[in-house]
Enquirer: 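Would you mind keeping the following structure in view while I ask a few things?
Both counts, for ligands and for their atoms, begin at 1 and track the order of listing. Throughout, numbering of the chain's residues begins at 1 and tracks the sequence.
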Amino acid sequence: MKNLLTKCLLTALLTVFTCSALRAQDEAAPVKVEKKAGVQKVTNLAPTPPMGWNSWNTFQTKIDEKLLRDMVDTYVSSGMRDAGYQFFVLDDGWMAMERDKNGSLIADPKKFPAGMKAFADYVHSKGLKFGIYNCAGDKTCGGYPGTRGHEYEDARLYASWGVDYLKYDWCNTDSLNAREAYITMARALQATGRPILFSLCEWGNHQPWLWANGVGEMYRATGDITANFDKDKHMGSWTALSVMTILDKMPAIRRYNGPNHWNDPDMLEVGNGMSYAEDKAHFSLWCMLAAPLMAGNDLRKMSPQSQSILTNKEAIAINQDALGISAYRYFAFDGLEIWVKPMNNNNWAVCFLNRANHPQNINYVWAEHALHDAQTKLGVDFAKTNYKLRNVWAKKDAGTTKTAFKQTIPAHDAVMFMLTK
Ligand code: GLA
């Protein structure tokens with residue numbers, strides 16, 4: 001293999017990637033899936049990857065009604081809602097430290113003086129859907145009251161507030177069985193009669209891709225993300241994962257992704273400290289993966305660059321494609337990768353990613369490539385079929401696949417094309 005790589009490098013020097021041995025390198029051996037869990041879902045709640053905003057990545061538990069109302073207002077005025085983002089989700093820290101004397105959860109009265117129903121009404125009044133967080137354990141990860149033993153009453157309370165989305169975490173769960181705990185909560189949500197999207201968050205510890213289809217609409221596949229392109233962050237007892245570390249975990253489970261059961265590589269860190277190029281690459285890849293798009297930045301202070309990334313409708317259209325197929329890594333060598341996503345109507349999205357710390361030249365002769373997705377059996381031979389190219393970030397038509405794509409891709413950047421016939 002090493003010889004092959006060297007030969008590839010020497011003969012092609014990143015000019016043409018025709019080494020078929022390197023193709024589809026992330027195809028994993030088939031694994032048996034446990035189908036459905038017997039939870040009858042209300043409706044088709046997430047035919048395409050859910051999109052929204054969540055308070056955690058920027059604010060952790062430092063949230064309150066005033067801050068969040070401003071965030072809702074900016075969600076609308078910044079164009080996020082019009083770009084397709086729908087959910088406004090409060091993560092950990094919204095509750096009082098104790099349940100009330102009847103055992104009911106209450107919103108922290110200092111943070112939410114008008115109560116949670118009033119806040120939910122405000123979110124709804126802006127044409128958004130309202131999401132909330134809790135945990136399958138005795139306490140949430142932040143130490144607030146968890147739902148264990150209160151599943152049905154908590155679900156009824158959320159429904160009475162008008163909750164449309166529940167993120168359900170996995171801290172302080174001791175001996176609980178993950179599959180059973182999530183099924184119990186899914187049934188409790190179901191029993192309310194209100195459509196509530198269920199977002200499982202057990203970090204991929206119990207392979208939810210094998211059993212969560214039919215339990216919830218999305219399931220975290222990894223540990224928590226951090227706003228770093230390729231360096232994990234050690235946090236003492238756990239490690240926050242960089243964008244590239246998470247990306248590398250996704251090909252092995254791509255086959256489990258699809259309408260109403262989305263692999264969740266965690267929320268977006270766009271606007272949270274990475275460079276413009278890195279943010280663009282991060283967002284491109286989450287679009288390619290057909291991942292949920294949950295923004296996590298301070299919308300009130302969003303830079304024009306972050307806004308242009310998060311609201312790029314052409315990138316979002318790739319993410320929201322009706323087939324819901326996650327991209328596969330077609331080529332990887334020396335930090336340069338090509339990710340490929342089969343799409344509806346025989347369209348394709350292709351993303352060139354430069355993970356290296358230096359710019360790289362690419363001269364990609366489309367006609368020398370035939371794509372074949374072993375999972376979906378979809379394929380295209382560019383020697384025989386000509387596609388129109390649209391550069392999603394430049395927002396420009398870029399000729400056709402008859403002409404080679406030549407460009408220098410800066411370090412940690414990505415170029416994403418939409419290919420149509
Ligand atoms: C876990 C989750 C995060 C966030 C925090 C809240 O770490 O994975 O996404 O919800 O808990 O405490």
Enquirer: Parallel, tilted or perpendicular for Tyr182 and Trp211, by the 30°/60° rule?
Expert: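 Because their plane-to-plane angle lies in the 30° to 60° range, the rings of Tyr182 and Trp211 count as tilted.
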
Enquirer: Closest non-hydrogen protein atom to atom 10 (O) of ligand 1, residue and atom name please, with distance?
Expert: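 Here the nearest protein heavy atom works out to Asp91 OD1, 2.7 Å.
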
Enquirer: Closest non-hydrogen protein atom to atom 11 (O) of ligand 1, residue and atom name please, with distance?
Expert: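 Protein heavy atom at minimum distance: Asp169 OD2, 2.7 Å.
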
Enquirer: Is the shortest distance from a Lys or Arg side-chain nitrogen in Asp70 or Lys66 to a carboxylate oxygen in the other one below 4.0 Å?
Expert: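 Yes, this pair counts.
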
Enquirer: Looking only at distances, can you tell me whether any N or O atom of Trp56, backbone or side chain, sits closer than 3.5 Å to an N or O atom of ligand 1?
Expert: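 No.
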
Enquirer: Looking only at distance, does Asp92 have an N or O less than 3.5 Å from an N or O of ligand 1?
Expert: yes

Enquirer: Would you mind telling me which of Asp164, Thr192, Val163 makes a side-chain contact (heavy atoms from CB on, under 4.5 Å) with Tyr158?
Expert: Val163

Enquirer: Among Met294, Gln60, Met235, Lys167, which residue places a heavy atom closest to atom 9 (O) of ligand 1?
Expert: Lys167

Enquirer: At less than 4.0 angstrom from any non-hydrogen atom of Cys141, what atoms of ligand 1 do you find?
Expert: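 This gives 1 (C), 11 (O), 12 (O) as the contact atoms.
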
Enquirer: Would you call Lys167 and Asp264 a salt bridge, using N to O less than 4.0 angstrom?
Expert: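 Result for this pair is no, no salt bridge flagged.
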
Enquirer: List the closest protein heavy-atom neighbour of atom 8 (O) of ligand 1: residue, atom name, distance to the nearest 0.1 Å.
Expert: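 Atom 8 (O) of ligand 1 sits closest to the protein heavy atom Asp224 OD1, 2.5 Å.
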
Enquirer: Show the nearest heavy-atom pair for residues Ile409 and Asp413, with the distance to one decimal.
Expert: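 For Ile409 and Asp413, the tightest heavy-atom pair comes out as CG2-O, 3.8 Å.
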
Enquirer: When you check the side-chain N and O atoms of Ser55 and Trp94, is any donor under 3.5 Å from an acceptor?
Expert: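 Judged by distance alone, the side chains do not pair up.
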
Enquirer: Hey, does Trp203 sit under 4.0 Å from ligand 1 if you only count heavy atoms?
Expert: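 A heavy atom of Trp203 does come that close to ligand 1.
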
Enquirer: Do Cys135 and Cys141 have their SG atoms under 2.5 angstrom apart?
Expert: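 No - the two cysteines, Cys135 and Cys141, have SG atoms at least 2.5 Å from each other.
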
Enquirer: Check each atom of ligand 1 against the heavy atoms of Cys201 and keep those under 4.0 Å away; list them by number with element.
Expert: 2 (C), 8 (O)

Enquirer: With heavy atoms of Arg220 as the reference, note each atom of ligand 1 found under 4.0 Å away.
Expert: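 Selected atoms, number and element: 8 (O), 9 (O).
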
